[in-house]
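Every chain is numbered from 1, with letters handed out A, B, ... down the list of sequences.
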Protein chains: 2
Amino acid sequence: MKNNVTAKDVAKLAGVSQSSVSRVYFEGASVSKKTREKVIVAAKELGYRPNEFARSLITNRTKIIGLVMKGIQNPFYPQVLKEFTATFKKLGYSILFVSTNNDEIQKEDIDMLRNYNVAGVIITDASLSLNVTEDFKESQVPLVLFNRKIDNEQFYSVCCNNLDASEKIAEYLIEKGCSDVAYIAGNANTSTSRDREKGFTSIIEKNNMPFHKYTSDYTYEGGYKTTQKIIAEKKIPDGIFVANDIMALGVVDALRENSIMIPAETKVVGFDNIEMASWPTYNLTTWEQPITKMVEQTVNYLMAEIVEFSGYTENVEVNGELIVRKTT
Amino acid sequence: MKNNVTAKDVAKLAGVSQSSVSRVYFEGASVSKKTREKVIVAAKELGYRPNEFARSLITNRTKIIGLVMKGIQNPFYPQVLKEFTATFKKLGYSILFVSTNNDEIQKEDIDMLRNYNVAGVIITDASLSLNVTEDFKESQVPLVLFNRKIDNEQFYSVCCNNLDASEKIAEYLIEKGCSDVAYIAGNANTSTSRDREKGFTSIIEKNNMPFHKYTSDYTYEGGYKTTQKIIAEKKIPDGIFVANDIMALGVVDALRENSIMIPAETKVVGFDNIEMASWPTYNLTTWEQPITKMVEQTVNYLMAEIVEFSGYTENVEVNGELIVRKTT
DNA sequence: AGGTATTTTGCATACGTATGCAAAATGAAA
DNA sequence: TTTCATTTTGCATACGTATGCAAAATACCT
């Protein structure tokens with residue numbers, strides 16, 4: 001806003017045409033070194049900055065990525081945000097940020113991003129409604145679902161290997177001697193929670209073990225309250241797999257408050273490996289989601305689709321690993 | 001990208017001019033109800049969406065706010081981000097997000113925001129270099145420093161009442177019986193850390209008490225390591241004021257690891273009242289930064305400056321309050 | 001019905017930039 | 001120096017929209 005030095009002003013001062021000024025700022029365009037220098041000197045003197053809107057109007061492209069993030073307060077996601085921002089910055093892309101609390105993205109948020117002609121969209125931990133899905137597929141704007149997948153593979157999604165990971169966690173708890181386990185789920189109907197439950201229960205069932213499932217909401221308070229509820233039932237499991245770390249920390253705190261020894265009486269495993277999981281107070285055993293790899297996968301796909309849209313879709317799973325600490 | 005239905009297409013289908021189509025989408029413009037309905041029906045049929053770039057090119061305005069955020073991993077800032085996003089969304093503004101690790105904002109980040117002609121800029125917990133400052137003042141883009149102030153009041157800043165708060169914390173620790181206290185500072189040269197130290201030391205000195213200052217970096221690890229260092233010196237203070245909560249949690253964990261009883265032997269006070277401070281495991285006494293009020297103050301100023309730029313500057317302080325928990 | 005005031009509409013243009021295309025300039029070889 | 005190939009440049013235009021202004025339409029009053 002307010003700086004109205006144009007390419008025409010620069011051209012006049014440099015003694016060249018507006019086209020030449022434009023060419024100086026357009027990568028790969030044909031412009032002589034002499035002209036380039038004249039333009040740069042003039043531009044600097046006048047404080048010229050190219051107008052991105054005029055550019056985008058002509059090119060029908062932007063260097064903006066829409067990032068729709070649910071649950072920014074879960075410490076997993078600020079780290080994700082940070083890595084996306086840094087990676088896209090290196091590629092010359094900016095982030096148009098939307099925060100949401102909804103499991104399903106609002107049409108108005110998508111409309112906003114579309115109005116700004118974003119080059120691509122990333123949605124973390126949320127899905128799209130049916131009509132928004134249809135609109136999107138028609139639009140040919142590349143989209144990645146991050147930490148959420150859709151079963152019919154309508155879009156490209158990047159997740160940790162939730163199913164496999166949860167099987168391994170179940171096996172690990174069994175190996176550690178657990179015989180009566182519980183699973184504390186996140187928000188209902190999220191692919192992450194469903195897969196984590198599925199993997200876990202398949203192993204538990206295969207071993208003919210008792211199993212209790214509780215539903216919570218991916219928050220510390222949710223984990224804490226659910227654990228208080230479990231304790232009130234007087235049937236304390238000897239192993240609890242919690243669908244994410246922030247919830248698991250609430251579980252740990254509730255168990256401790258009730259003088260339940262961890263891991264001697266009850267073992268706790270989280271999922272994410274957020275920063276707090278490694279704090280000495282918690283020392284949580286958890287499955288690490290490989291953020292860097294997941295971000296990389298997402299960015300690679302988006303960049304490829306931006307360069308040449310193919311509409312290719314896939315559910316990509318990136319392998320994480322079990323981080324064993326003191327809760328097991 | 002890619003949706004090339006224009007106002008001209010809609011106009012043709014609706015049997016009106018492109019101007020009339022434009023007027024339907026421009027608040028307050030003169031357009032009859034009959035024309036409006038014809039346009040809306042046609043627009044819906046064609047899937048028209050106004051092109052924000054063409055608009056901004058004409059109006060020389062956007063509905064984008066640039067938000068430059070340092071240290072997104074400190075749980076204080078995701079909450080700030082969430083509240084800014086929600087508040088600006090209600091006002092029809094979008095967020096162009098920049099994450100930085102630098103104490104001083106990079107010129108390239110500001111250039112990017114300026115190229116997108118943002119309506120205003122918010123910078124959290126970081127300052128501007130001298131030449132960027134000059135550029136900015138000339139640009140007439142409204143700017144707010146959030147949780148950072150500059151002594152010569154070149155910009156509008158919104159902070160918690162750090163000085164006053166720290167005095168009260170010192171008084172509180174004295175009242176609680178402390179006689180040998182320490183202050184653990186955040187990043188050097190930040191106004192928040194400086195003011196928190198200043199307020200604290202002024203009371204401590206007035207009471208002729210011993211005082212030790214340590215410098216850390218506003219991270220959990222920083223707090224943890226600094227405390228290990230303090231403990232290694234064999235002079236454990238009976239009260240520690242820590243410049244922010246995430247650091248204070250590291251302090252608490254380090255004290256515990258060394259079997260130092262909190263608060264019996266050492267009392268700990270943080271600053272922020274992040275979510276983790278209230279967790280039963282920590283139950284940290286802290287000064288609550290009133291995020292909602294600070295966000296509100298920031299948004300009100302920006303909106304006023306966007307409507308009519310005045311260049312008004314001030315260092316605004318919003319009162320927080322002491323939240324007493326189990327560490328004191 | 002006529003006159004006046006107000007509202008609505010379309011025309012023409014501009015916003016700042018990229019780009020197709022032809023002309024001009026440059027470089028290299030004979 | 002001339003010829004040919006390649007690079008560079010400027011002209012003219014378009015991108016999609018908002019807006020100034022005059023004309024047209026509508027509303028209201030006598």
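- Residue Leu57(B) places its side chain closer to dG16(C) than to any other of dG16(C), dT9(D), dT19(C).
- If you take CG of Asn60(B) and P of dC15(C), they are 11 Å apart, rounded to a whole angstrom.
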- [ ] Carefully, step by step, assess Val16(A) and Val24(A) under the rule side-chain contact (heavy atoms from CB on, under 4.5 Å).
- [x] CA-CA 11 Å; Val16(A) 299; Val24(A) 169; over 6 Å; no
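- Side-chain nitrogen and oxygen atoms of Ser19(B) include none within less than 4.0 Å of the OP1 or OP2 phosphate oxygen of dT19(D).
- Tyr116(A) has its ring centre no less than 6.0 Å from the ring centre of Tyr116(B).
- Closest to the side chain of Ile58(A), out of dT17(C), dT8(C), dG16(D), is dT17(C).
- Per the geometry, CZ belonging to Arg114(A) stands 16 Å off C1' belonging to dG16(D), to the nearest Å.
- Look at CD on Glu52(B): it is 16 Å from C1' on dC15(C), rounded to the nearest Å.
- In this entry the distance linking CZ of Arg61(B) with C1' of dT19(D) reads 15 Å, nearest Å.
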**Asked** Would Asn60(B) and Asn4(A) count as a side chain to side chain donor-acceptor pair (under 3.5 Å) if you check the C-alpha gap in whole Å, the side-chain angles of each, and the deciding distance to 0.1 Å?
**Response** CA-CA 9 Å; Asn60(B) 208 12; Asn4(A) 296 321; 3.2 Å; yes
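- Nucleic acid contact class of Ser20(B) (heavy atoms, under 4.0 Å, all strands): sugar-phosphate only.
- Residue side chain Arg49(B) does not reach the base of dG16(D) through any donor-acceptor N/O pair under 3.5 Å, judged by distance alone.
- In this structure, of dT9(D), dT9(C), dT19(C), it is dT9(C) that holds the atom nearest to the side chain of Val31(B).
- At least one cation-pi condition fails for Lys149(B) and Phe155(B): the charged atom is not both under 6.0 angstrom from the six-membered ring centre and inside a 45 degree cone around its axis.
- Residue-to-nucleotide proximity on DNA chain C shows that, of Val16(B) and Ala54(B), the 5′-proximal contact is made by Val16(B).
- Atom-to-atom, CG of Asn4(B) to P of dA14(D) comes out at 16 Å; the value is rounded to the nearest Å.
- Considering only side-chain N and O atoms, Tyr48(B) lies under 4.0 angstrom from the phosphate OP1 or OP2 of dT17(D).
- Between the NZ atom of Lys33(A) and the C1' atom of dG27(C) there is a distance of 16 Å, given to the nearest Å.
- Nearest-nucleotide mapping onto DNA chain C: of Arg23(A) and Phe53(A), the residue sitting toward the 5' end is Phe53(A).
- Ring geometry for Tyr312(B) versus Tyr301(B): interplanar angle of 30 to 60°, hence tilted.
- A straight line from NZ of Lys12(B) to P of dG16(D) spans 15 Å, rounded to a whole angstrom.
- In this structure, Ser56(A) does not reach the dT17(C) phosphate: none of its side-chain N or O atoms is under 4.0 Å from OP1 or OP2.
- Comparing atom distances between the Ser17(B) side chain and each of dG10(C), dT17(D), dT9(D) picks out dG10(C) as nearest.
- Residue Tyr25(B) is classed as having no contact, given no heavy-atom separation below 4.0 Å to the nucleic acid.
- Taking the six-membered ring for Trp, Phe76(B) and Tyr218(B) have ring centres at least 6.0 Å apart.
- The phosphate of dG16(C) has neither OP1 nor OP2 within less than 4.0 Å of any side-chain N or O from Thr6(A).
- Here the C1' atom of nucleotide dT17(C) and the CG atom of Asn51(B) are 14 Å apart, to the nearest Å.
- Looking at which nucleotide of DNA chain D each of Gln18(A) and Arg36(A) is closest to, the 5′-most match is held by Arg36(A).
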